[in-house]
Amino acid sequence: MEYLEIKGQKPLEGTVKISGAKNSALPNMAAVILTDEPVVLENVPYLLDMFTMKHLLEHIGVEINEESEGKFSFMFREVNSLEAPYELVSKMRASILVLGAMLTRFRYAKVALPGGCSIGTRPVDLHLSALEKMGARITVEHGYIIAHAPNGLKGAYIKFPKITVTGTENIIMAAVLAEGETVIENPAKEPEVVDLVHMLKKMGADIKGEGTEKIVIKGVKKLSGTSHSIIPDRIEAGTFAVISALSGGRIVIDNYPFEYLEFVHRTLEKIGVSVIPLGKRQALIKKEEKLKPISIETKEYPYFPTDLQAQFMTMLSTVEGLSVITENIFENRFMHVPELKRLGADIKIDGKKAYIRGVKKLSGAQVKATDLRASAAMVIAGLTAEGTTRIYDIYHLDRGYENIDIKLKSLGAEVHRGFEEQ
Ligand code: UD1
């Protein structure tokens with residue numbers, strides 16, 4: 001079993017570069033299904049999830065070539081299969097992103113039903129009911145979603161009862177080639193959704209209102225190829241902001257997407273951490289001598305992202321006083337709490353709320369990475385704890401953080417990957 005071992009409390013210094021956003025690269029890669037012309041994506045991060053999406057697209061029939069570092073070309077001339085098999089979907093729920101694109105272009109799609117996962121039930125009912133409104137006939141058989149649209153998808157009025165990021169992206173992709181107009185009310189406004197729309201517009205899609213309360217899409221007959229550069233990963237940037245604040249604040253963060261992190265910065269200010277722009281995309285993090293406890297609620301963009309909740313909880317676990325974190329997006333996204341407690345944190349959970357009473361220090365221990373963002377929380381804990389922390393199940397980390405151990409080593413952290421026979 002692979003693990004990551006960290007010797008804590010080393011002062012970190014230097015420059016770290018933020019990679020392309022995982023949550024933007026995934027839908028943009030799925031969007032190549034919508035055209036038979038070449039698409040080139042740049043700034044694609046090298047992550048396990050990217051390789052899962054690459055395998056899925058190749059299985060469907062997309063030819064993919066690596067042109068240079070982070071630059072990939074995609075060409076979808078001939079369909080090999082309109083099925084997303086269980087072995088790939090079970091590795092990554094975001095595989096569901098190919099459903100809308102396959103269905104709208106080929107009038108058929110079969111996608112394994114993503115199962116429950118460690119951060120809650122995460123159903124896809126909203127994706128399916130919206131596609132049904134667009135005329136799809138959907139059945140779930142033997143663990144597969146089977147969707148037909150024999151006469152093609154039709155534009156429809158869709159009001160999401162709850163905001164869903166990949167749900168919004170799936171319906172946008174379905175609507176760009178559907179007949180007529182689709183209106184999506186209450187869509188996700190995340191920068192990654194907006195980035196997908198930017199790429200689709202370059203391909204010839206007619207979309208208005210991305211990033212607002214209402215998106216209007218007029219279907220077109222055909223989309224062309226394009227080239228597009230993936231936006232920087234705001235969650236990786238926020239994670240490094242926390243790491244920098246806790247390790248002396250001498251890290252310069254490059255490719256830093258200030259514009260996507262305004263609410264996070266206001267939260268950091270309240271704790272006593274400020275983000276200083278050194279250039280258009282370069283940040284330095286400064287922290288006050290004594291940090292302050294606060295209350296945080298996770299909420300859809302532009303508010304505090306659930307994907308930074310675990311990292312902030314780790315930071316607050318050594319801030320004197322009582323902090324409260326309310327997790328509103330996912331049930332069961334406190335799986336990192338028992339692990340933080342193994343390091344000495346004092347945290348109590350009551351339903352959606354976690355009460356964090358700051359302790360003087362964390363002390364190194366063996367812990368598990370329980371999901372993707374929880375794994376980043378364990379890295380932060382390991383960097384700040386006294387002694388050595390060994391993190392197991394780090395495949396979660398490799399799903400979403402490009403070369404995190406290499407990046408940390410370059411800043412002076414004592415980190416190494418090891419392997420242990422089970
Ligand atoms: C995306 C992100 C993930 C992030 C999450 C919330 C990607 C690839 N992943 O996940 O990193 O944590 O947004 O910001 O972009 N829901 C339903 N029915 C549905 C769909 C969702 O009830 O059909 C619920 C979910 O259980 C959850 C909430 O809606 O409680 C939000 O989920 P959603 O925005 O869909 O998350 P993902 O798109 O899976």
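Indexing begins at 1, ligand by ligand and atom by atom, following the structure's order.
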Where ligand 1 meets [X] - atom numbers and elements under 4.0 angstrom, heavy-atom basis:
X: Val124; result: 19 (C), 23 (O)
X: Asp307; result: 3 (C), 4 (C), 11 (O), 12 (O)
X: Thr306; result: 6 (C), 12 (O), 14 (O)

Does ligand 1 have an atom under 4.0 Å from some heavy atom of [X]?
X: Pro123; result: yes
X: Arg333; result: yes
X: Ile163; result: yes
X: His127; result: yes

(message) Any side-chain to backbone donor/acceptor pair from Asn403 onto Ile406? Under 3.5 Å, distance only.
(response)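 No.
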When you compare the side chains of [X] and [Y], does any donor N or O come within less than 3.5 Å of an acceptor on the partner?
X: Ser19; Y: Lys407; answer: yes
X: Glu2; Y: Tyr392; answer: no
X: Thr326; Y: Lys353; answer: yes
X: Gln309; Y: His336; answer: yes
X: Glu327; Y: Thr306; answer: yes
X: Tyr256; Y: Arg234; answer: no

(message) Consider salt bridge (Lys or Arg N to Asp or Glu O under 4.0 Å). Of Arg417, Lys91, Lys22, which one does Asp398 pass it with?
(response)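 For Asp398, the salt bridge (Lys or Arg N to Asp or Glu O under 4.0 Å) check succeeds only for Arg417.
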Less than 3.5 Å between some nitrogen or oxygen of [X] and one of ligand 1, yes or no?
X: Gly167; answer: no
X: Ala94; answer: no
X: Glu169; answer: no
X: Thr164; answer: yes
X: Lys22; answer: no

(request) Only heavy atoms count here, so choose which of Thr168, Leu126, Thr166 is nearest to atom 23 (O) of ligand 1. (result) Leu126
(message) Counting only heavy atoms, tell me which of Val165, Val193, Leu372, Leu308 gets closest to atom 33 (P) of ligand 1.
(response)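 Residue with the shortest heavy-atom distance to the ligand atom: Val165.
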(request) Test ring pair (Phe, Tyr, Trp, His ring centres under 6.0 Å) on Phe258 and Phe263 and set out the steps. (result) CA-CA 10 Å; Phe258 288 95; Phe263 197 89; over 10 Å; no
